[in-house]
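Okay, so here's the structure we're looking at.
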Amino acid sequence: MKKAMTLALGILTAVGGFFDIGNIATCVQAGARFRYQLIWSMVLATIVVILLIEMSGRFACATKKALPDAIREHFGFGFWLVPFLILTVIHILVLGAEIGGICFALHLLTGYPLQVFALPVAVLLWVFLWRATFSAIENSTSVLGLITLCFVVAAIWLHPPTHEVLQGALPSMPATNPENYWFIAVSIIGAVIAPFLFYFYSSGAVEDNWDRSYIPVNRAVAVIGMGFGSVISIAAIIVAAVVLAPRGIRVDDYHQAALMLIQVFPYWGYELFAVSMAIACVGAAIEVALSMAYTFAQTFGWNWGEDLDPAEDARFSLVYTLALLGASLFMLVGVDPLKLTLLTMAISAAVLPFVAIPMLLLMNDRKLLRDAANGVFSNVATAAIVVLTIVLAVVSIPLMVVGGS
Amino acid sequence: MMQNIHAELLLGRRVLDVNNRVVGRIRSIHARRRGHDFFVEEYHIGPAAFLEVLGISTGRLVGLSFGEPIRIPWQKLDLSDPQRPRLRCAKEELQ
Amino acid sequence: MLRNGLVCAILLIAACGHKTPDQQLHEAADAAASWSATLQMTAETWLANSVPRLFVLATVDAANKAFDQTGKDVAQSQGRQELRAAIKGQLDIAEAAAGDLKKAIENNDRNAVAGCARRFAAVHSVLQQLEDKRK
Amino acid sequence: MFEELDMVRDLLDKQLVDADGTKMGRIDGIVLALDGDKQPRIDHLELGFAVLARRLHPRAEQWLLALRRRWSVRKSARQIVPVSKVMDITEEHIQLDLNALETPAFDWERWLRDHIVSKIPGSRSEQ
C-alpha cells in the first residue's frame, strides 16, 4: 500500500513542479502566436524530461544520493563549482519568475499593483518551508495543483481541430517571423527541462527513503507525472490557439493571457486563471527554493532535510530563506514578470549541458549502480539528449537577442 | 626528511619520466589499509584512469577503448617537488 | 572550438534576423493590432460581467504603455511614409479610445464601453489589412 | 571497510558523518606523509573552505584567508582529522569516531543557529 501512496504523491509532485510560470508563459505565447505549430517542442521536451527524471530517480534509489551530492563526489569540487554557481543564478531567476507569477495572480484577484505582493508572498512561502515537513509540502502543493486541470477541461470543451493539433505534434517551419518561432520553441524546452526538477526530485527520493525496490515506482512517476504535466501544458497551448490567436492577441503581457479561460468559463474563467497561475507558481517556487537548499547542503556536506527543524539544519534553512528574499527583489523593483520569465527560460535552456553531461557519466558508473546503470537504449537516448542540449546552448542566447520580442 | 603533501593537489599534474617525456596526468592514487594506516600503493595515470575513477568501463560508454590506466608503483614516483612529479625510470620500463 | 562555434551561430541568427525598416513597421503594426484586439475583448468581457473593473483599468494602462512604445518605434523608423502615417493614424484612434474606455469604466457607462469596443475592432481590422497587404 | 581503496573515488569529496550519523562536511583535502624513501601513507584529512579554495587556485586561498582575518566564525581555516579517526568507509559516506558538535566543522552551524535561526519563531518544533 505504501508504494501506491508514494506513486500517487510522486505523480502529483511531478505535476506540481512541471507546470509552472515558465510553462504558462511559453505555452500561452506559443498558442497565441503560432496556434498548434509548436506542440512538437512540448512533446520533445516532455520525452527528454521523462528520461532525465527517471534516471535521476533511479540513481537516488540505487545509491541513496541526490544529484548534487553525487556530482561533487564523482567529478570533484573543481568540476562542480562552475555548474553550481551558474545553476544558483538560474535558480534565483526562476524563483523570481515564480514569485512574479504569484504576485501577478494576486494582482488579477485584487487589482492592487504587483510590487505590493512581492514581500508578503516571499514571507508566506518562507513560513510554509520553515514550519512544514517535506511530506506536508509535497501533498498540499500537489493536491492544490489539480486545479490546473481547468486548462485540460477548457481545451476539450473548445474541441480544437484534431487534425491540426496532431500536425502540430510534428516539427514544421513557421510561415512568419521564424526567429520568434524558434525562440519560443527553445523557451518551451528550457521551461520544461528545468534543472531544479532533477535536483528536487532526486533529493525528494532520498528524503522519502526510496531504495532499489522503488525503481519501478520511480519509472511510473516519471512517465505519468511528467506526461500529465505535459498534457496540461499542451492544453494551455490549445486554449490560447483557439481563444487568443483568432482575435490576433499576441500575449506580450500577462493581462492578455488572463482572458483565455473566459470563453469556456464565462463566470469563473477570470478567477480560475488567476488561482491556477498562483497555485502552479506556489508549488514550483517551493520546489525551486528547496532545490537550492538541497544543492548547497549537499555540495558542502551540511545536515539537510525538510523533516529536520530549522534549528537542526540552520545553514540549509538559511539558504532557502535568503533565496526567497533575494528572488522577491525582482518584483519589488518592478521587473516585468513575463519578460523575466522568458529571459529565464532562454538562459535555462543554455545551461542544460551542465545537467545532461554529468547525468550521462553518472548513469554509467557500473561499479556503483551495478544493474541500475544505463542500458544501451538509455545510453543512446542520453547521448542524443546531450547533443540536443549542446545545440540548445549554442542557439538559445543568440535567439533571445534576435527573436525575443 | 619528513614531508607532507596534499594528495588532491597532485591530481591533474603531468608526470615526466627521466628523459623528460610526458607519461600522463595523475588521475588517482590507490592505497591499501594496514591497521589504522593507509599506505599508498600506486598512482594511476592517463584517461583510462580518469574513467576508472568514474566507474565507467571504457568499452561500454562510447565504444572507444582507452586501454588500461598507466600504473606507477609508489617507489617509482619522485614527489620531492609536488608541482612537478617525476618518474624515476623511463616510460617504457613501466609496462 | 566552442568559441567560434558560438560566434558563427550568432552571425547566422543575426543575419536572418536582420529586419528591413518596413518589416519593423509591420511588427509595430502587429503589436498595436494585438493590443487593440485585447482592449476590445477586455471591454466585451467587462460588459458580460466576466472581469472586474480594476482589471480593465490595469489592462488599459498596460496597453497605453505599449501604444506609446509603438508610437516611438513608428516615429523613429525609416519605413515607407504612407505606411508610417497609416499606423500612426490608427494608433491615435486606439489611444483616444483607450482614454474613453477608462472614463466609461469609471462612470460605469455601458453604452460608452460598447462604443469603445467597436472602435478597437475597427482599428484592429484596419491594421490587419495593412498586415495582409504585406504577405 | 575497504582494504584496497581509490583515494579519489572512495575518499576525496566524500560525505563525512560523525559517530551518530550527523553530517559534518566533506573530505576537502587528504594529506600524505612522505618520509624519505619509506612508503607514503595518509597522515590526515582536511576540511574547510580554505582547503577547497587552495584546490581552485593558490590565490583563491590567499584571498579567503585575508577575508577570514577581518571576519570569521571558524577558529581554524582548516580542520584536521587524523586518519585514525576513520571508523568506516562505505559507498554512501565515511564515518568518523567524533562528535560533530564539538568539531570546527560545526562552528558555522552553531553560530548561525544561536545568532539567527533560534531567534526566529518556530525554528524548533515543540517536542
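Residue numbers begin at 1 in each chain, while the letters A, B, ... track the order of the sequences. For the numbers below, each heavy atom of this structure counts, side chains included, while hydrogens, waters and symmetry mates do not.
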Hey, could you give me the [atom1]/[atom2] distance between [X] and [Y], rounded to the nearest 0.5 Å?
| X | Y | atom1 | atom2 | answer |
| --- | --- | --- | --- | --- |
| Leu244(A) | Ser34(C) | CG | OG | 9.0 Å |
| Asn180(A) | Glu27(C) | CG | CD | 7.5 Å |
| Gln69(C) | Asp252(A) | CD | CG | 11.0 Å |
| Asp30(C) | Asn177(A) | CG | CG | 7.5 Å |
| Gln40(C) | Arg247(A) | CD | CZ | 7.5 Å |

So which part of Thr59(C) gets closer than 4.5 Å to some heavy atom of chain A, the side chain, the backbone, both or neither?
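Both parts, heavy atoms under 4.5 Å.
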Chain A contact via Ala62(C) - which portion, at a heavy-atom distance below 4.5 Å
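For Ala62(C), side-chain heavy atoms alone lie under 4.5 Å from chain A.
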Side chain, backbone, both or neither of [X] within contact of chain C (heavy atoms, under 4.5 Å):
| X | result |
| --- | --- |
| Val391(A) | neither |
| Ala175(A) | neither |
| Leu259(A) | both |

Would the distance check show the side chain of Ser50(C) and the main-chain N or O of Pro266(A) forming a donor-acceptor pair, the cut-off being under 3.5 Å?
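Checked: pair present.
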Minimum heavy-atom separation for His255(A) and Phe55(C), please, with both atom names.
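For His255(A) versus Phe55(C), the nearest heavy atoms are O-CZ, 3.5 Å.
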Full working for side chain to side chain contact (heavy atoms under 4.5 Å, CB included) between Lys65(C) and Asp253(A)
CA-CA 11 Å; Lys65(C) 246 191 268 154; Asp253(A) 182 291; over 6 Å; no
Please say whether more than 12 non-hydrogen atoms of neighbouring residues, nucleotides or ligands are located less than 6.0 Å from NZ in Lys102(C).
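It does: Lys102(C) NZ has more than 12 such atoms within range.
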What residues of residues 103-112 of chain A sit under 4.5 Å from chain C when you count only heavy atoms?
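Residues of residues 103-112 of chain A touching chain C at under 4.5 Å: His107(A), Leu108(A), Thr110(A), Gly111(A).
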